Amino acid sequence: MVGEPAERTEKITINIGPVDLGRIDLLVQEGHFSNRTDFIRTAVRNQLTASGPAIEHTVARRTLVLGTQHFSRHDLEALRDRGEQVHIRVLGLATVADDVPPELATATIASVEVLGAFRASRAVKAALGPRIV
């Protein structure tokens, strides 16, 4: 069930004060970063690296999958055939294959908790709505 679907980025919007934005622009103009986005990505990665031990501790405590987890139709059919359900708990990216019908998803996915991004068809997301934390 753990796979490596093509990693994409998620778009976020942030508000930055004019002085901080000017400082970022100065670093870009001086060639330290290629653009504002490059600066922000670098800053986020540096902060995540510095917070690594706290993140690892929390992931272990909350029993989250770190990275990506993919559920194919075959995976969910096997769970259904065994009479089992799965609790999806991911820090990163969780995906449900596009060919999974909503009925199969509701029969096999007990709950979804994703810190990051959860990708599934609209119909599956709608069917799982009350189960998504």
Side-chain angles (χ1 to χ4, degrees):
M1 284 184 250
V2 177
E4 296 295 328
E7 187 171 322
R8 296 182 287 183
T9 60
E10 295 290 322
K11 182 177 269 192
I12 64 169
T13 302
I14 62 171
N15 296 319
I16 296 179
V19 173
D20 289 338
L21 188 57
R23 293 165 68 183
I24 293 169
D25 287 344
L26 178 65
L27 291 170
V28 169
Q29 285 178 354
E30 292 296 311
H32 296 279
F33 299 93
S34 59
N35 53 43
R36 290 174 174 177
T37 300
D38 182 34
F39 171 86
I40 292 167
R41 281 190 189 127
T42 301
V44 167
R45 285 187 192 115
N46 289 342
Q47 187 59 44
L48 290 172
T49 298
S51 300
I55 292 169
E56 289 177 22
H57 175 74
T58 302
V59 166
R61 181 176 50 82
R62 293 179 63 182
T63 61
L64 297 168
V65 171
L66 178 61
T68 61
Q69 189 170 36
H70 177 72
F71 293 89
S72 69
R73 183 177 186 144
H74 176 75
D75 295 331
L76 297 179
E77 288 172 342
L79 283 170
R80 180 197 59 207
D81 294 347
R82 292 191 308 267
E84 297 176 5
Q85 286 193 319
V86 64
H87 294 271
I88 299 174
R89 298 177 56 117
V90 175
L91 188 153
L93 172 65
T95 59
V96 175
D98 290 336
D99 65 344
V100 171
E103 301 77 23
L104 179 59
T106 56
T108 56
I109 300 173
S111 65
V112 178
E113 179 184 0
V114 178
L115 301 169
F118 176 56
R119 297 202 180 113
S121 70
R122 285 185 184 185
V124 166
K125 281 186 174 181
L128 294 175
R131 301 174 189 190
I132 299 173
V133 178

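Note that the coordinates shown come from a computational prediction; the quantities given were computed from them, not determined experimentally.
Minimum interatomic distance between Val90 and Ala94 (heavy atoms only, all atoms of both residues): CG2-CB, 3.9 Å. The two residues Ala97 and Ser72 make their nearest non-hydrogen contact at CB-CA, 3.9 Å. Taking each heavy atom of Pro130 and Ala127 in turn, the nearest pair found is CD-O, 4.0 Å.
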Please set out all donor-acceptor pairs under 3.5 angstrom arising from side-chain atoms of residues 39-46, sequence neighbours excluded.
| from | atom 1 | to | atom 2 | distance (Å) |
| --- | --- | --- | --- | --- |
| Thr42 | OG1 | Asp38 | O | 2.8 |
| Asn46 | ND2 | Thr42 | O | 3.4 |

Return all side-chain donor-acceptor pairs below 3.5 angstrom for residues 11-28, not counting sequence neighbours, or 'none' if the list is empty.
| from | atom 1 | to | atom 2 | distance (Å) |
| --- | --- | --- | --- | --- |
| Asp25 | OD1 | Arg36 | NE | 2.7 |
| Asp25 | OD1 | Arg36 | NH2 | 3.4 |
| Asp25 | OD2 | Arg36 | NH2 | 2.9 |

Enumerate donor-acceptor pairs with a distance under 3.5 Å from any side-chain N or O in residues 108-115 to protein atoms, sequence neighbours excluded.
| from | atom 1 | to | atom 2 | distance (Å) |
| --- | --- | --- | --- | --- |
| Thr108 | OG1 | Leu104 | O | 2.7 |
| Ser111 | OG | His87 | ND1 | 2.7 |
| Glu113 | OE2 | Arg62 | NH2 | 2.2 |

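At least one side-chain heavy atom of Leu128 sits less than 4.5 Å from a side-chain heavy atom of Thr106. At least one side-chain heavy atom of Leu48 sits less than 4.5 Å from a side-chain heavy atom of Ile55. By the 4.5 Å heavy-atom criterion applied to side chains, Gln69 and Ile88 are counted as neighbours.
Considering only residues two or more places apart in sequence or on other chains, Glu84 meets the side-chain hydrogen bond (donor to acceptor under 3.5 Å, both in side chains) condition with Arg82. By the side-chain hydrogen bond (donor to acceptor under 3.5 Å, both in side chains) test, Arg73 pairs with Glu77, sequence neighbours left out. Residues passing the ring-ring contact (aromatic ring centres under 6.0 Å, His included) test with Phe118: none are found, sequence neighbours excluded. Shown here are the salt bridge (charged side-chain N to carboxylate O under 4.0 Å, His left out) partners of Glu10, two or more places apart in sequence or in another chain: Arg119.
Contacts classified as side chain to side chain donor-acceptor pair (under 3.5 Å) and involving residues 51-60 (residues at least two apart or in different chains) are given here: Gln47-Ser51. Among pairs with a residue in residues 124-133, none fulfils salt bridge (Lys or Arg N to Asp or Glu O under 4.0 Å), at least two apart in sequence or across chains.
At most 12 heavy atoms of other shown residues, nucleotides or ligands fall within 6.0 angstrom of atom NE2 in His74.
For the atom pair Arg80 CZ and Asp75 CG, the distance stands at 12.5 Å (nearest 0.5 Å).
Between Phe71 and the options Val86, Thr95, Val100, a side-chain contact (heavy atoms from CB on, under 4.5 Å) holds for only Val86.
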